[in-house]
Amino acid sequence: DPAPLIARQEAEALKRAEEIRRRAALVRPQVPKATPDQLPPMLRVAGNQIVDADGREVWLQGVAIPSLEWSAGGENILKSTGIAIDEWRSNVIRLSIRENFWNGTGPYQLDGGAGYRQLIDDVVNLAGSKGAYVVLDLHRFRAPEEPHVAFWKELAAVYRDHPAVLFELFNEPHDLSWEVWRNGGFVSTEKTSPDGVVTENKEQLKGFETTGMQALVDAVRETGAKNIVIVGGLDWSYDLSGILKGYALDDRDGHGIVYSTHVYPWKSDWRHKFIEVAKHHPIFIGECGATQERLSFIPPEQHEDPATWVPDFLGLVQSQRYHWTAWCFHPKSSPCLLSDWDYTPTEY
């Protein structure tokens, strides 16, 4: 009977969440707590749409704000959040975060992660007070492991049923089978390298056991959190084709699952990779963008002309009302929306 184990895990997650709240209280917030009348309505999935409590369609359009995945202090996080909502008219912010900073084990952290968690809470309160949403994106790659399950139990307990918060469970899965993506198993390097040596961001990768995406969904729901969860597909979160082939995830007593795709000019076959899925499930294009120059690491024959790709892509997004956040609201993490920290838009 797994019930005692689940109950103990839930109790531990709640205890940890209370400790997080206690330690966060030692860090002075920069943003007042959003009041109930300021917050946007709680969201849920209905068919292939996202709707509010009254069943009215909600269309999420905004920007991705990076840097909390590489720095515990981030770079202009609160200023960027305010400008993205007030001046760029975003109604959603995709905030990249990582579990090591949340836990206080990242580089140069001396406060157990309290300052990092407070900054995330400040973003939630700032966006929420303006009636906007925040997607908390666990910005990891390839496949989730046990520490990511523990992370979601903690974070979901903190933001359980917060109307402004959506959970994006894992940034960019890749080089997996759909079976392993969903249910877990051994992640091998053989597919991409005969000698078993694969690198990602200059880091050598090795085979390991993944929990699978269903375990992350279950971890969130075991806390009682009903918040919408967002889950990326294969091929660096581009390919959603397996969702219609028996690998859709089960949502247990939640407000639904939204599937995420990342679309760039070197990704092809939109129809089979995400358009067909969008007829049955809501999709969130969590990353998209283009630069004036083709990227050097993409073969020319695989890279469409950005001058024609951008209007084609944006036309599709607007005509189908796909949820989306552009990558990214930062002047140095390409493709960039900003030319500088004066928030001057790039020409493209």
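Residues take their numbers from the sequence shown, with the count starting at 1. Every value quoted in this text rests on a predicted model; they were computed, and no experiment measured them.
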What's the separation between atom [atom1] in [X] and atom [atom2] in [Y], rounded to the nearest 0.5 Å?
| X | Y | atom1 | atom2 | value |
| --- | --- | --- | --- | --- |
| F167 | I228 | CZ | CD1 | 11.0 Å |
| N227 | R160 | CG | CZ | 10.0 Å |
| L249 | N183 | CG | CG | 8.5 Å |
| I85 | N91 | CD1 | CG | 9.0 Å |
| W178 | L240 | CH2 | CG | 6.0 Å |

Same cluster or not: [X] versus [Y], using hydrophobic residues (I, L, V, M, F, W, Y) connected whenever any side-chain heavy atoms lie under 4.5 Å apart?
| X | Y | value |
| --- | --- | --- |
| L169 | V124 | yes |
| V258 | V317 | no |
| F329 | V263 | yes |
| V123 | W341 | yes |
| L136 | L39 | no |

Looking at [Y] and [X], is there a salt bridge between them, counting it only when a charged N and a carboxylate O are closer than 4.0 Å?
| X | Y | result |
| --- | --- | --- |
| R142 | D175 | no |
| E99 | R140 | yes |
| R182 | D250 | yes |
| D235 | K267 | yes |
| D137 | R94 | yes |

Test of ring centre spacing under 6.0 Å for H139 and F141: yes
Y247 and W181 aromatic centres sub-6.0 Å: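 No, too far apart.
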Which pairs would a plain distance check flag for residues 53-68, meaning a side-chain donor or acceptor within less than 3.5 Å of a matching protein atom at least two apart in sequence or in another chain?
from: D54; atom 1: OD2; to: R56; atom 2: NH2; distance (Å): 3.1
from: R56; atom 1: NE; to: D52; atom 2: OD2; distance (Å): 3.0
from: R56; atom 1: NH2; to: D52; atom 2: OD2; distance (Å): 3.3
from: E57; atom 1: OE2; to: R321; atom 2: NE; distance (Å): 3.2
from: W59; atom 1: NE1; to: R321; atom 2: O; distance (Å): 3.4
from: W59; atom 1: NE1; to: Y322; atom 2: O; distance (Å): 2.8
from: Q61; atom 1: OE1; to: Q318; atom 2: NE2; distance (Å): 3.1
from: Q61; atom 1: OE1; to: W324; atom 2: NE1; distance (Å): 2.9
from: S67; atom 1: OG; to: E75; atom 2: N; distance (Å): 2.9

Check: A278 main-chain N/O paired with N48 side-chain donor or acceptor under 3.5 Å: yes
Side chains of F313 and I285 in contact at under 4.5 Å (non-hydrogen atoms):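 They are in side-chain contact.
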Residue list, side chain to side chain donor-acceptor pair (under 3.5 Å) with K332, at least two apart or on another chain: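 With sequence neighbours excluded, K332 shows a side chain to side chain donor-acceptor pair (under 3.5 Å) to no residue whatsoever.
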Other residues, nucleotides, ligands: >12 heavy atoms within 6.0 Å of Y108 OH: no
Within 6.0 angstrom of Q292 CD, more than 12 heavy atoms from elsewhere: yes
Partner set under ring pair (Phe, Tyr, Trp, His ring centres under 6.0 Å) for F170, not counting sequence neighbours: H148
Heavy-atom closest contact (A225 atom, A156 atom, distance): CB-O, 3.9 Å
